[in-house]
Amino acid sequence: IAVLKIDATEQLPFATLANSDLLQVGDVVFAVGNPLGIGMTVTMGIVSATRKSELGVLREEGAYENFIQTDAAINPGNSGGALINVRGELIGINTAIFTRSGGSNGIGFAIPASIATDIMQELIDHGQVIRGWIGVETQPLTEDLARSFGVSKNAGVLISGVYRRGPAANADILPGDI
């Protein structure tokens, strides 16, 4: 995502941003892009999940994942294209596809417009995106887990993973800590 400043003498057309937090499974969406370099295309699908994470779509440690999942065809070249709703409002930025063949017979993912807007504001305000992160993977501390760890209350979370060279690792937090 990039922010461009354009000095224009007239009003330029712009995309209307929808509140992507209001998306629901089953909403109809359209993926716009330039897949495989063949030119502009639009494909239709539905939202099959929201707030998808822990997919490993972003291959960097500490990467934040919160995707819109869709069956609208997102092929190589669609990344960065718009995911829009039936009113033509931007609800996401096409980002990735899970596929075994490399084609659109997989599941597509888009960054929600609400996150893209936050990123845009960070870039405008600071010239970069600043996110705090601890560098851990957690899981709920159930009664059974609390008992197995000798904890009297099941309040808190179990650290199930720690990213190497992350803040938690530097603070000597280990998997199994509560």
Side-chain angles (χ1 to χ4, degrees), residues 1-6 8 11-100 102-140 157 161 163 166:
I1 296 176
V3 175
L4 303 176
K5 180 179 179 185
I6 300 172
Q11 181 69 28
L12 299 174
F14 58 90
T16 302
L17 297 176
N19 184 347
S20 56
D21 295 336
L22 300 178
L23 271 178
Q24 295 183 11
V25 172
D27 286 352
V28 175
V29 293
F30 302 90
V32 180
N34 180 16
L36 309 170
I38 64 167
M40 185 62 66
T41 66
V42 178
T43 58
M44 183 176 80
I46 63 165
V47 172
S48 49
T50 59
R51 296 177 181 81
K52 291 295 280 193
S53 63
E54 299 179 24
L55 301 170
V57 173
L58 300 177
R59 301 276 186 235
E60 55 194 68
E61 287 187 5
Y64 178 76
E65 294 183 1
N66 177 359
F67 293 105
I68 300 166
Q69 179 179 305
T70 181
D71 66 347
I74 297 176
N75 284 297
N78 271 23
S79 291
L83 187 68
I84 60 174
N85 63 21
V86 294
R87 290 177 298 284
E89 300 165 325
L90 181 72
I91 58 165
I93 307 294
N94 300 328
T95 303
I97 185 168
F98 269 4
T99 178
R100 295 187 194 282
S104 67
N105 59 342
I107 301 168
F109 298 94
I111 298 170
S114 60
I115 292 176
T117 301
D118 291 345
I119 291 169
M120 175 189 70
Q121 197 59 53
E122 286 278 323
L123 291 170
I124 291 168
D125 293 345
H126 307 289
Q128 63 181 344
V129 177
I130 302 169
R131 281 202 180 113
W133 72 290
I134 300 172
V136 296
E137 295 173 359
T138 64
Q139 68 184 69
V157 296
Y163 289 97

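Side chains are part of it too, since the values below use all heavy atoms of this structure and drop only hydrogens, waters and symmetry mates.
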**Report entry** Criterion side chain to side chain contact (heavy atoms under 4.5 Å, CB included) on I84 and V32, from CA distance to verdict
**Finding:** CA-CA 8 Å; I84 60 174; V32 180; 4.3 Å; yes
Point-to-point distance, once rounded to the nearest 0.5 Å, from [atom1] of [X] to [atom2] of [Y]:
| X | Y | atom1 | atom2 | value |
| --- | --- | --- | --- | --- |
| S114 | L23 | OG | CG | 9.0 Å |
| F30 | T43 | CZ | OG1 | 9.5 Å |
| I91 | T70 | CD1 | OG1 | 8.0 Å |
| I115 | F67 | CD1 | CZ | 8.5 Å |
| I93 | I68 | CD1 | CD1 | 9.0 Å |
| I107 | D71 | CD1 | CG | 9.0 Å |

Query raised in the report: Judged by atom type as modelled, is there a donor-acceptor pair below 3.5 Å linking the side chain of S20 to the main-chain atoms of P112?
Result: no
Query - Donor-acceptor under 3.5 Å (N94 side chain, G80 main chain) - result: no
Query raised in the report: Should we count CD1 of I134 as having more than 12 external heavy atoms under 6.0 Å?
Result: no
Could you pull out the closest heavy-atom pair between [X] and [Y], with the gap in Å?
| X | Y | answer |
| --- | --- | --- |
| G166 | W133 | CA-CH2, 4.0 Å |
| Q24 | V47 | O-CB, 3.6 Å |
| I74 | A31 | CG1-CB, 4.1 Å |
| R51 | N66 | CA-OD1, 3.0 Å |

Report task. Assess the side chains of T16 and E89: does a donor N or O sit below 3.5 Å from an acceptor N or O? Result -> no
